[in-house]
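Computed over heavy atoms, backbone and side chain alike; hydrogens, waters and symmetry mates excluded. Along the sequence shown, the residues carry numbers beginning at 1. No experiment lies behind these values; they were computed from the predicted model shown.
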Amino acid sequence: MATLRQQLRIPKYGLFYFDSDQSLSILPISKVLNVIEGDRKTAGSLVELYYGSLLLKAEIISVDGK
């Protein structure tokens, strides 16, 4: 059973898959600029984020160990 504190915890990092170069990266969730489909905390969601100076589309594989 998860405690209330664990349920309300805001994830800090996510594992992202970039289809453009078929790579995986761990990045801070704060880099997410726009949510295309889903949300910032769910695996399978599509987002746009800055990777360096490039704006790229990525799929969330996992968020903060979930």
Side-chain angles (χ1 to χ4, degrees):
M1 184 168 116
T3 65
L4 181 60
R5 181 179 176 149
Q6 289 173 334
Q7 292 175 356
L8 297 176
R9 188 174 59 133
I10 298 171
K12 293 182 183 178
Y13 293 95
L15 178 64
F16 296 91
Y17 172 73
F18 295 93
D19 194 38
S20 58
D21 63 354
Q22 299 178 345
S23 66
L24 293 173
S25 292
I26 297 173
L27 298 169
I29 295 294
S30 62
K31 296 273 187 181
V32 173
L33 180 68
N34 186 26
V35 177
I36 298 170
E37 184 178 306
D39 59 33
R40 292 176 181 249
K41 298 187 275 184
T42 306
S45 297
L46 298 175
V47 297
E48 289 181 324
L49 52 85
Y50 279 108
Y51 189 77
S53 62
L54 299 173
L55 180 64
L56 299 173
K57 290 182 183 177
E59 178 182 346
I60 298 175
I61 303 298
S62 180
V63 176
D64 206 27
K66 293 182 181 179

Open item on the list: Please determine whether side-chain contact (heavy atoms from CB on, under 4.5 Å) holds for the pair V35 and R40, giving the CA-CA distance in whole Å, both sets of side-chain angles, and the decisive distance to 0.1 Å.
Closed with: CA-CA 7 Å; V35 177; R40 292 176 181 249; 3.9 Å; yes

Task: I60 and F16, any side-chain heavy atoms less than 4.5 Å apart - done: yes

Open item on the list: Run the side-chain contact (heavy atoms from CB on, under 4.5 Å) test against I26 and tell me which residues pass, sequence neighbours left out.
Closed with: Y13, L15

TODO: Say whether L54 and I29 are linked into one hydrophobic cluster, either directly or through other cluster members, by side-chain heavy-atom distances under 4.5 angstrom.
DONE: yes

TODO: Would you check if V32 and L49 make a side-chain contact, meaning some heavy-atom pair closer than 4.5 Å?
DONE: yes

Open item on the list: Taking side-chain hydrogen bond (donor to acceptor under 3.5 Å, both in side chains) as the cut-off, I'd like each qualifying pair that reaches into residues 17-27, sequence neighbours left out, listed once.
Closed with: D21-S23

TODO: Enumerate the residue pairs fulfilling side-chain hydrogen bond (donor to acceptor under 3.5 Å, both in side chains) with a member in residues 44-61, sequence neighbours excluded, ordered by first and then second residue.
DONE: N34-E48

Task: Contact check, side chains of V63 and T42, non-hydrogen atoms, under 4.5 Å - done: no

